[in-house]
Amino acid sequence: MLNRSLSTFMNAFTASDYTMYPFSTQNAKDFQNLLSVYLDAVFFPCLRELDFCQEGWRLEHETPTDPSSRLMFKGVVFNEMKGVFSDNESLYAQHLQNKLLPDHTYAVVSGGAPLDIPDLTWEQLKHFHATHYHPSNARFFTYGDLPLEQHLQQIEKEALSKFERTEPNTAVPPQAHWDKPRVDHVTCRPDALAPDPMKQNTLCMSYLLGDITDTFEAFTLSLLSSLMISGPNSPFYKALIEPEIGSDFSSSVGFDGSTRQASFTIGLQGMAEDNTETVKHIIAQTIDDIVATGFEEEQIEALLHKIEIQMKHQSTSFGLALASYIASCWNHDGDPVQLLKISENVSRFQQCLKENPRYLQDKVQHYFKDNTHRLTLTMSPDERFLEKQAEAEEQKLQEKIQNLSDADHKDIYEKGLQLLAVQSTTQDASCLPALKVSDIEPIIPYTPVQLGTAGGVPVQCCEQPTNGMVYFRAMCNLNSLPEDLKIYVPLFCSVITKLGCGELDYRQQAQRIELKTGGMSVSPQIIPDTDQLDLYEQGIMLSSSCLERNLPDMFQLWSDIFNRLVFFQETEKEIFKSLCKSASARPAGDLQRDGPGEIAELTDLTSVLRKLPRIKRHLLNPENMRCAVNATPQKMSDAAGEVERFMGNIAANRKERKPVRPTVVEVRPLDPQAGSSASRKLISEPHFKPCQMKTSFQLPFNVNFVSECVRTVPFSHADYASLCILARMMTAKFLHGEIREKGGAYGGGARMGGGGLFSFYSYRDPNSTQTLSAFRGGVEWARAGKFTQQDIDEAKLSVFSAVDAPVAPSDKGLGRFLNGITDEMKQRHRERLFAVTNKNLTDVAGRYLGVGQQTCGVAILGPENESIRKDPSWVVK
């Protein structure tokens, strides 16, 4: 349906005790189509045996056509779950839940532990579906502006009327409360990229709380969790993060309301084993301290302000977020409407605090200090972890093989051939409803913006229904920054809003930011040019938002960051080191080197700190800046006035600095028609020559991530639209079948990127070089024109669903502000997409993707690979 619809979202989620099937679209006819297909898929699926073999698991010959090749486990979900459990954080979170709630459904892995999956039979799956996937056990959620009566009629006609009511008996009983705390230990694979190999341990204490259907109590406990762990003013941040015992909080930390009884977890990752007792003592002591002293009033005020902003901020996935928010509580027969009455809950919370100043302390005493249902779970690396996993899988495989008769062997071989034949046959999708290309709006809605200046700095104003919020962005280019400082720009971005300003230390500054804004952030940006492949803009983007009443405060905070930032006080040095450490607590999948983690390991950080004011002088410079504001029409003049005042406050930072490479800067107006001063200062690398490269990154995973990128054309080129359609069509009509259905990877396909790179990819893939062959096969398939007009039309629908994805009021006009892509350019691209023909597609496949036509790069992330190691054309890292 991805190719027959203009959906903005389609997926399915597996939680611990429910599955959810959400979709969204902006087209009324499409909504009806998708609802029909979803009702049919959920309540009346075919569940054929071969589907179970392909998507779940099967025993099959390594080469299905060769009965003498070895038997192995295959299947999409089998490989997906192997991928999930190769991630230490996912592994830990799963163990934590299984061991804290051991009596019922939460004791098992709902997605399937890899070695349990081969015990599931096709018959069991069908029986499970017949029992659980029944309207008597279902809940329906709709959101949007289409008439509800039509949805209800369609649901009744196409599903409910075809069933008799049953009593599904799927309620999850409460977990029996322990009379004394428990301790447990698990192991994981070592992280090859850990900054300190001796600090790879995790320790958490997890507490079982109340039933989530008590909506007010759950609301209170989730607020309490935030007060205890969020931000540098929280007690657990001060007690656990600042002493640098570990690299960061464990990823499982905080309130979890996804199970029938909620839980709260606190602990550290990236710590040494001999700190175990220290951490346990600190956690107990911090709970005692909270019971004794409670929380500062400003902390509570900042948290309630955050809730107010969350209620006002409009995201494009608001309906989906609501569905996810109410799912767990509603699933256990809680009242979803009560859950959504957030303002009422806030008022009641404030009333409770007024009536009993120790209200929160009493909760901490009851749920943490006096709670005997507490699990302390530690995790440490085991050098043989992956080896043991492989041995266990091999043992499971041999047990299965030993029980096979000759007839079973013959059956496996024949089923393998049968599945291969089905996978090689084009499925007849004519029974599925579909939109037509003519259903797509030919003209985009225009987004008006006003271009002006404030203190000589270009400003873009975009009036939008922002629901009482103001959104501010500033782009500062870094062309004048000396080369030796560039490597520190990501670090500068991550710490700049977290340091003290003027008389305020970093804690007080964090409190001010929380009380007055929806957050302030700085991020590095590399934005490709729309006309030339090797031109780009490099800079940093400042972003923040606030309630309209706090507009002056937000700009005062930015003024202080520009003018009064504190770098060298002892407290700032300490927070700087701790920020570097937590940035380094990244999973092994992140290949960044020379990052904050390595900096955190330096004994003397002064030399690095000294670089930050130098970077600030170059980057926080109005000379290199442009701004954008999104606000309501009623508030825009106030916002523009505040930007003007802000520019006056930071004028002293303005300095004309020569670009590091003056010859390669090209000034490109953001909107050539508007005659405004706003422009992008683009640079190129005069000595950069793209080269062919094949790199294998050996990582402690048991599945692969495979990619190939080809240089093609930039956004404004006439062929760009054809390459977008080609990527989508190749994914749906060729690569999905080869990589997922035949290859068993969790996903794979092709996409055309805004920077002119055409990328092939696969993830959680049991194969490596075979997938590269599938990529090449896709190109040959396209060059040979083995597709129909229907395939092209479906690809167009799929591309337009992304092109026309909803944009939140806060983000309208951003494409023009950042990339210089005007509405006129978008309309031209749209017309080119409509006009793509069969000939265009075969032409671009041959011209850009054929072997030797363009420079391409190949990368594989995954386990050690013998054939790659022996191949001199590969670089192994």
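Scope of the values below: all heavy atoms of this structure, side chains included, with no hydrogens, waters or symmetry mates. No experiment lies behind these values; they were computed from the predicted model shown.
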Exercise. Search all heavy atoms of Thr316 against all heavy atoms of Val807 and return the closest pair with its distance.
Key: CG2-C, 3.7 Å
Quiz prompt | Axial cation check for Phe555 ring with Arg645, 6.0 Å and 45° limits | solution = no
Self-check item: Partner of Asp211 under side-chain hydrogen bond (donor to acceptor under 3.5 Å, both in side chains), chosen from Arg260, Gln261, His332
Solution: Arg260
Self-check item: Nearest heavy atoms of Ile540 and Cys493, plus distance in Å
Solution: CG2-SG, 3.6 Å
Quiz item: Ion pair present between Arg473 and Asp811, side-chain N to carboxylate O less than 4.0 angstrom?
Solution: yes
Practice problem: Could you go through the side-chain contact (heavy atoms from CB on, under 4.5 Å) check for Lys312 and Leu547 one step at a time? | Solution: CA-CA 8 Å; Lys312 283 190 172 288; Leu547 297 167; 3.5 Å; yes
Quiz item: Around atom NZ of Lys363, are there more than 12 heavy atoms of other residues, nucleotides or ligands at under 6.0 Å?
Solution: yes
Exercise. Compute whether any side-chain donor of one residue and acceptor of the other, for Gln509 and Asp505, lie under 3.5 angstrom apart.
Key: no
Quiz item: If you draw the axis of the six-membered ring of Phe216, does the NZ or CZ of Arg348 fall within 45° of it and under 6.0 Å from the ring centre?
Solution: yes
Practice problem: Start with the C-alpha gap between Met205 and Phe368, add the side-chain angles, then the distance that decides, and say whether side-chain contact (heavy atoms from CB on, under 4.5 Å) holds. | Solution: CA-CA 10 Å; Met205 287 188 180; Phe368 304 114; over 6 Å; no
Quiz item: Nearest heavy-atom pair of Ile650 and Ser559: which atoms, and what distance?
Solution: CG2-CA, 4.2 Å
Exercise. Apply side-chain contact (heavy atoms from CB on, under 4.5 Å) to Tyr92 and Ser252, showing your working.
Key: CA-CA 8 Å; Tyr92 185 80; Ser252 300; 3.8 Å; yes
Quiz item: Quick one: do the Glu548 and Thr632 side chains pair a donor with an acceptor below 3.5 Å?
Solution: yes
Exercise. Run the salt-bridge test on Asp560 and Arg512 with the 4.0 Å N-O cut-off and return the result as yes or no.
Key: yes
Exercise. Give a yes-or-no answer on whether the side chains of Gln338 and Glu344 include a donor-acceptor pair shorter than 3.5 Å.
Key: yes
Exercise. Take atom NZ of Lys369 as the centre, draw a 6.0 Å sphere, and report whether it contains more than 12 heavy atoms from other residues, nucleotides or ligands.
Key: no
Quiz prompt | Worked check of side-chain contact (heavy atoms from CB on, under 4.5 Å) between Thr220 and Tyr359 | solution = CA-CA 10 Å; Thr220 301; Tyr359 177 67; 3.6 Å; yes
Quiz item: Distance-only, no hydrogens or angles: does the Arg358 side chain make a donor-acceptor pair with backbone N or O of Val291 under 3.5 Å?
Solution: yes
Quiz item: Taking the six-membered ring for Trp, are the ring centroids of Phe255 and Phe264 within less than 6.0 Å of each other?
Solution: no
Exercise. Assess the pair His313 and Tyr471: is the distance between their ring centroids shorter than 6.0 Å?
Key: yes
Quiz item: Taking all atoms of both residues into account, what is the closest heavy-atom pair of Met647 and Val457, and its distance?
Solution: SD-CG2, 3.7 Å
Practice problem: Examine the side chains of Ser810 and Gln464 and answer whether a donor and an acceptor come within less than 3.5 Å of each other. | Solution: no
Quiz item: Between Thr466 (side chain) and Met469 (backbone), is there a donor-acceptor pair under 3.5 Å?
Solution: yes
Exercise. Give the minimum heavy-atom separation between Leu224 and Phe295, together with the two atoms involved.
Key: CD1-CE1, 3.6 Å
Self-check item: side chain to side chain donor-acceptor pair (under 3.5 Å) assessment of Gln361 paired with Gln365
Solution: CA-CA 6 Å; Gln361 286 144 281; Gln365 176 85 36; over 6 Å; no
Quiz item: Distance-only, no hydrogens or angles: does the Ser247 side chain make a donor-acceptor pair with backbone N or O of Gln269 under 3.5 Å?
Solution: yes
Quiz item: Any salt bridge between Arg507 and Glu242, counting N to O under 4.0 Å?
Solution: yes
Quiz item: Under 3.5 Å, is there a donor-acceptor pair between the Asn563 and Asn649 side chains?
Solution: no
Quiz item: For residues His373 and Tyr367, is any side-chain donor paired with an opposing acceptor at under 3.5 Å?
Solution: no
Self-check item: Heavy-atom closest pair, residues Leu304 and Leu223
Solution: CD2-CD1, 4.3 Å
Self-check item: Candidate pair His177 and Asn371, rule side chain to side chain donor-acceptor pair (under 3.5 Å), full reasoning
Solution: CA-CA 9 Å; His177 206 277; Asn371 190 349; 3.3 Å; yes
